Structures are given as structure tokens and as C-alpha cells.
Engineer: 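Attaching a single structure in C-alpha cells format; questions to follow.
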Amino acid sequence: MNNDYFFDVKKKRPEELFESVLDYFKDETLFNYATSKSIMRTQRKITLRTLELLELKNNQHLILDAGCGPGFVAMYLDELGYKTIALDLILNFLKFYEIQDLNPVLADMCYPPFQPDVFDAIISISALQWIYIHLNLKKKREDLINLFKMFYTILKPKGKAVFQFYPKDKMVMDNIGDLISKNTKFNGNFVIDNPNSPKKRKIYLLLKKE
Ligand SMILES: C[S@@+](CC[C@H](N)C(=O)[O-])C[C@H]1O[C@@H](n2cnc3c(N)ncnc32)[C@H](O)[C@@H]1O
């Protein structure tokens, strides 16, 4: 992996400007996100890439969409024939479209309310950056550690989790990697598409349970 790629730090991302995701995704912002055709198209492309990384042999798998928002990813997984559970913290996202078939669950993904060994895979797109941003705060750090521990627990043996997210810089990625190796038995790595183009770059974290 080329570690010399640079991060475009000029423009602050919403998670840097808002204390909580609940403060950001409301009213017009929530409506604009949920009705954006271009975001929907992008999230579908990212979903296909995450499926490629997961290397599932067929669509007979149960997938958790963690931080599903209005459900672009979960709806697409459903279209592709996967059994899907969609989880988010924001009720107005879960209610935005008719996604009852996707078993919407209102919960914090750091404390997912599921039994052990349930999911074949977990996909989380564009959500993780909301959780690690205040890693220096004890509570946020504990939340993040619990997220990785719980994802390990609720995945079936040999199950995999893939996160696409927007880390602020390389240090955040190193911190996350460190925290996972110290607190879980996950094997994992980062996959970076278009590493040298800040606009096109997509960063994935792929984790495999033993
Ligand atoms: C940018 S949206 C992405 C939504 C969806 N994954 C997509 O690709 O369209 C980020 C989502 O992450 C969710 N999120 C952030 N932190 C969360 C947490 N701790 N638990 C559950 N959902 C969370 C937010 O509520 C929001 O819906």
C-alpha cells in the first residue's frame, strides 16, 4: 500500500462540525440526503465494491447494514437477493421509505442488539467517521472499542465486516487499526481505491472473524 497519499484537509466534514450525528441529520439535511439520486447512485456503487471485498459465494447470506440511513445500501442488497437487516440511530431515516421488509432496527451500532453468531457479513457505508472523530474522548473510544468487539461477536465464524468511511487523516486509520488489534481477534486490512486522488479515493476497512 502506498502510504504517501495525501488528505485534503481544506474542507471540514460534517462530523467535524457537529457534535452528534443526530444534530446534523435532521429537517432539510435529512430530507436532502434521503432524496438525493446522486448519493443513491454513489452508495449503490460502493455497495457493489463492498460485496466484491466480502467475496460472498452467493446471495444466501444475512447481512447487517450498520448505519443504514434512509436505506440505500440495504434496499440494494435486498434487490440483489440478500437477506438484510438495516440498523440506524435516526428514526426519521428508518421511517423515510417503506423498508419494513428490511427489518429496520433503531439502535446505536456500537451497542447492536443481536445474539452472537448471527450475521454472515456486516456492511457499513459512510458511518464510521461519525464514531471515531472524538477518539480522544474516553466515551467515544469506549464506544468504538465496543463496536468492534460486538461486530466480532455477532458475526458467524468466518464472517466478515467491511466499512467504507472517510477518515480525517492517516493517523485516524492507524489508531483504528491499533485499537482493533488490541481489543479483538479480527484479522483485517485497509483497502484504498484511487489512493492518490483525494476526490475519487475510497477507503475500506475489511475485517475477518477467525
Ligand atoms: C452519511 S449517512 C450514510 C447512510 C447510509 N449508510 C448510506 O450509505 O446512505 C451516516 C449514517 O450513519 C448513522 N450513524 C452514525 N453513527 C451511528 C451509530 N453510532 N449507530 C447507528 N447509526 C449511526 C447516521 O445516523 C447516518 O444515518
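FYI, side chains are in, hydrogens and waters are out, and symmetry mates aren't considered; it's all heavy atoms of this structure. In each ligand, atom 1 is the first atom listed, and ligand 1 is the first ligand listed. This structure is a prediction, so every number in the text was calculated from the model and none was measured.
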Engineer: In Å and rounded to the nearest 0.5 Å, what is the OG1 to CD1 distance from Thr184 to Ile145?
Structural biologist: 10.5 Å
Engineer: For Lys209, is there an ion pair with Asp117 - N to carboxylate O distance below 4.0 angstrom?
Structural biologist: yes
Engineer: If we ignore hydrogens and angles and just use 3.5 Å, is the side chain of Tyr33 paired with the main-chain N or O of Phe93 as donor and acceptor?
Structural biologist: no
Engineer: Using a strict 4.0 Å threshold on nitrogen-to-oxygen distance, state whether Glu15 and Lys168 make a salt bridge.
Structural biologist: no
Engineer: List the closest protein heavy-atom neighbour of atom 12 (O) of ligand 1: residue, atom name, distance to the nearest 0.1 Å.
Structural biologist: Ala127 CB, 3.3 Å
Engineer: Which of the atoms in ligand 1, numbered in the order shown and given with their element, are less than 4.0 Å from a heavy-atom of Ala107?
Structural biologist: 20 (N), 21 (C)
Engineer: Which is it for Ile46 and ligand 1 at heavy atoms under 4.0 Å: side chain, backbone, both or neither?
Structural biologist: neither
Engineer: Under 3.5 Å, is there a donor on one side chain and an acceptor on the other for Tyr111 and Asp143?
Structural biologist: yes
Engineer: What about the rings of Tyr132 and Phe163, do their centers lie closer together than 6.0 Å?
Structural biologist: no
Engineer: Would you mind checking which non-hydrogen protein atom is closest to atom 27 (O) of ligand 1, with the distance to 0.1 Å?
Structural biologist: Asp88 OD2, 2.7 Å
Engineer: Does the Asp169 side chain pair with the main chain of Val172, one donor and one acceptor, at a distance under 3.5 Å?
Structural biologist: yes
Engineer: Rounded to the nearest 0.5 Å, how far apart are CG of Leu128 and CD1 of Ile176?
Structural biologist: 5.0 Å
Engineer: Can you tell me the protein heavy atom closest to atom 17 (C) of ligand 1 and the distance?
Structural biologist: Leu89 CD2, 3.8 Å
Engineer: Which part of Leu22 is near ligand 1, with near meaning a heavy atom under 4.0 Å away: side chain, backbone, both or neither?
Structural biologist: neither
Engineer: Just distances here: any N/O of Tyr33 and N/O of ligand 1 closer than 3.5 Å?
Structural biologist: yes
Engineer: Among all protein heavy atoms in this structure, tell me which lies nearest to atom 20 (N) of ligand 1, with the distance rounded to 0.1 Å.
Structural biologist: Met109 N, 2.8 Å
Engineer: With heavy atoms of Ile90 as the reference, note each atom of ligand 1 found under 4.0 Å away.
Structural biologist: 25 (O)
Engineer: Measure the distance from atom 4 (C) of ligand 1 to every protein heavy atom, then report the residue, atom name and distance (to 0.1 Å) of the closest one.
Structural biologist: Gly67 O, 3.4 Å
Engineer: Where does the angle between the aromatic ring planes of Tyr97 and Phe72 fall among parallel (under 30°), tilted (30 to 60°) and perpendicular (over 60°)?
Structural biologist: tilted
Engineer: Just verifying a value: how many Å separate Lys202 NZ and Ile125 CD1, rounded to the nearest 0.5 Å?
Structural biologist: 10.5 Å
Engineer: When you measure from the side chain of Asn103 to the backbone of Ile85, do you find a donor-acceptor pair of N or O atoms at a distance under 3.5 Å?
Structural biologist: no
Engineer: Can you find an N/O atom of Ile125 closer than 3.5 Å to an N/O atom of ligand 1?
Structural biologist: yes
Engineer: Suppose I only count heavy atoms of Val73 and a 4.0 Å limit; which atoms of ligand 1 are within that range?
Structural biologist: 8 (O)
Engineer: Which heavy atom of the protein is the closest neighbour of atom 8 (O) of ligand 1, given with residue, atom name and distance?
Structural biologist: Gln43 NE2, 2.7 Å
Engineer: Do me a favour and list the nearest non-hydrogen protein atom to atom 19 (N) of ligand 1 with residue, atom name and distance?
Structural biologist: Asp108 OD1, 2.8 Å
Engineer: Heavy-atom contacts with Phe93 under 4.0 Å: which atoms of ligand 1 show up? List them by number with element.
Structural biologist: 27 (O)
Engineer: Using a strict cut-off of 4.0 Å, indicate which atoms of ligand 1 neighbour a heavy atom of Phe72.
Structural biologist: 9 (O)
Engineer: Does only the side chain of Cys68 get under 4.0 Å from ligand 1, or the backbone, or both, or neither? Count heavy atoms.
Structural biologist: backbone
Engineer: What protein heavy atom is closest to atom 10 (C) of ligand 1, reported as residue, atom name and distance in Å?
Structural biologist: Ser126 O, 3.3 Å
Engineer: Going by the closest heavy atom to atom 24 (C) of ligand 1, which one wins out of Val105, Val21, Ile131?
Structural biologist: Val21
Engineer: Assess the pair Phe114 and Phe119: is the distance between their ring centroids shorter than 6.0 Å?
Structural biologist: yes
